[in-house]
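What follows is a set of notes on a single structure, which appears directly below.
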Amino acid sequence: MIQQQESTIVEHHPMDVLLRQDRIPHIWCSGCGLGTSLTAFINAVRDCGIPLEKISVVSGIGCTGRVAGYLNLDSFHTTHGRALPFAVGLHLGNPSLKVIVFSGDGDLISIGGNHFIHTARKNMDITVICVNNFNYGMTGGQGAPTTPLGSRSTTTPYGNFEFPFNIPHLAAASGATYVARWTALDTRRLKNSMQEAILRRGFSVVEVISPCPTLFGRLNRLGTGLDMMKSYQENSVIRHGADPASVAMGKDGKIIVGKFVDIERPTYLDMMKQALGGRFNIPIPERSVDKTEIPMDGE
Ligand code: SF4
């Protein structure tokens, strides 16, 4: 009887359509922010109005890279750092697809860092969701190019003394046309921002600040995942339109979140069309020209 009740609940869960139930339970640790990040993403995909068969998700390696395997969409789990080149190939091979890269800071900004800046420079019509947990989680808590100054990791036992990347600044300076940052606690704003990024035309980036209590949290004595979420609540400040150069993590102990960049400029395919004129016969999807304003206040 209990089994029957449980099965009824699972079959009617609102995320059933987009989650591969046969891959559950997931591998993520208790208190990790990846669960709420994925939930926000699923809600954004469900509400964005693009047919599911026209959405493709690409991940690299790492804890965040597991997302591709849990989604009931056409999804690809690629090699470390190579999610973006794979996504570019997919986008250019079939521009009618909405290609979304969902991966971690180590994958996208370190090993795949060069791909990140050049895909932004070319303004490929691709959305990137970058979950930043300040370290390499899956491989054992090594320091990443996002590890804050002074923070401990397994490769910076005396505290990190390398300046970390400010991801929104890197994205904007490289050419991204939509840049936002939220924490894994801001689930509704994060969902709205992901939805807006998906509907924008060009290279759009949403950074998600997410707790990794098992490694980064433990090594830096930040407590449980809930403790880390509580610190997000106490320390994050919304500043829409802030100069991305001014939103580096750790400044005054604050986490500046919001939508920082939302501009239009021609995409790679627009430029190709302009250069080739009548010889260009690749259909660019209508979706890309929509500019829907979605409230960021979570209402
Ligand atoms: Fe999450 Fe860290 Fe565990 Fe990876 S190691 S699943 S990032 S808590």
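As the structure lists them, so they are numbered: ligands from 1, and atoms in each ligand from 1.
Using cut-offs of 30° and 60° on the angle between ring planes, the pair Phe86 and Phe76 is tilted. Using bins of under 30°, 30° to 60° and over 60° for the plane-to-plane angle, the ring pair Tyr70/Trp28 lands in the perpendicular bin.
Which parts of ligand 1 touch Cys63 is read off a 4.0 Å heavy-atom cut-off, strictly below it: atoms 4 (Fe), 5 (S), 6 (S), 7 (S). Each of the following atoms of ligand 1 lies closer than 4.0 Å to a heavy atom of Cys32: 1 (Fe), 6 (S), 7 (S), 8 (S). Remark: ligand 1 atoms within the under-4.0 Å shell around heavy atoms of Asn133 are 7 (S).
Between Asn43 and Arg46, the side chains place a donor N or O and an acceptor N or O closer than 3.5 Å (distance only, hydrogens not considered). Counted by atom type alone, Lys54 and Ser96 present one or more donor-acceptor pairs between their side chains at under 3.5 Å.
Atom 2 (Fe) of ligand 1 has an N, O or S atom of Cys212 under 2.8 Å away, backbone or side chain.
Put simply, the side chain of Ile263 does not reach to within 4.5 Å of the side chain of Tyr178, judged on heavy atoms.
Looking only at heavy atoms of the protein, atom 6 (S) of ligand 1 is closest to Cys29 N, 3.5 Å.
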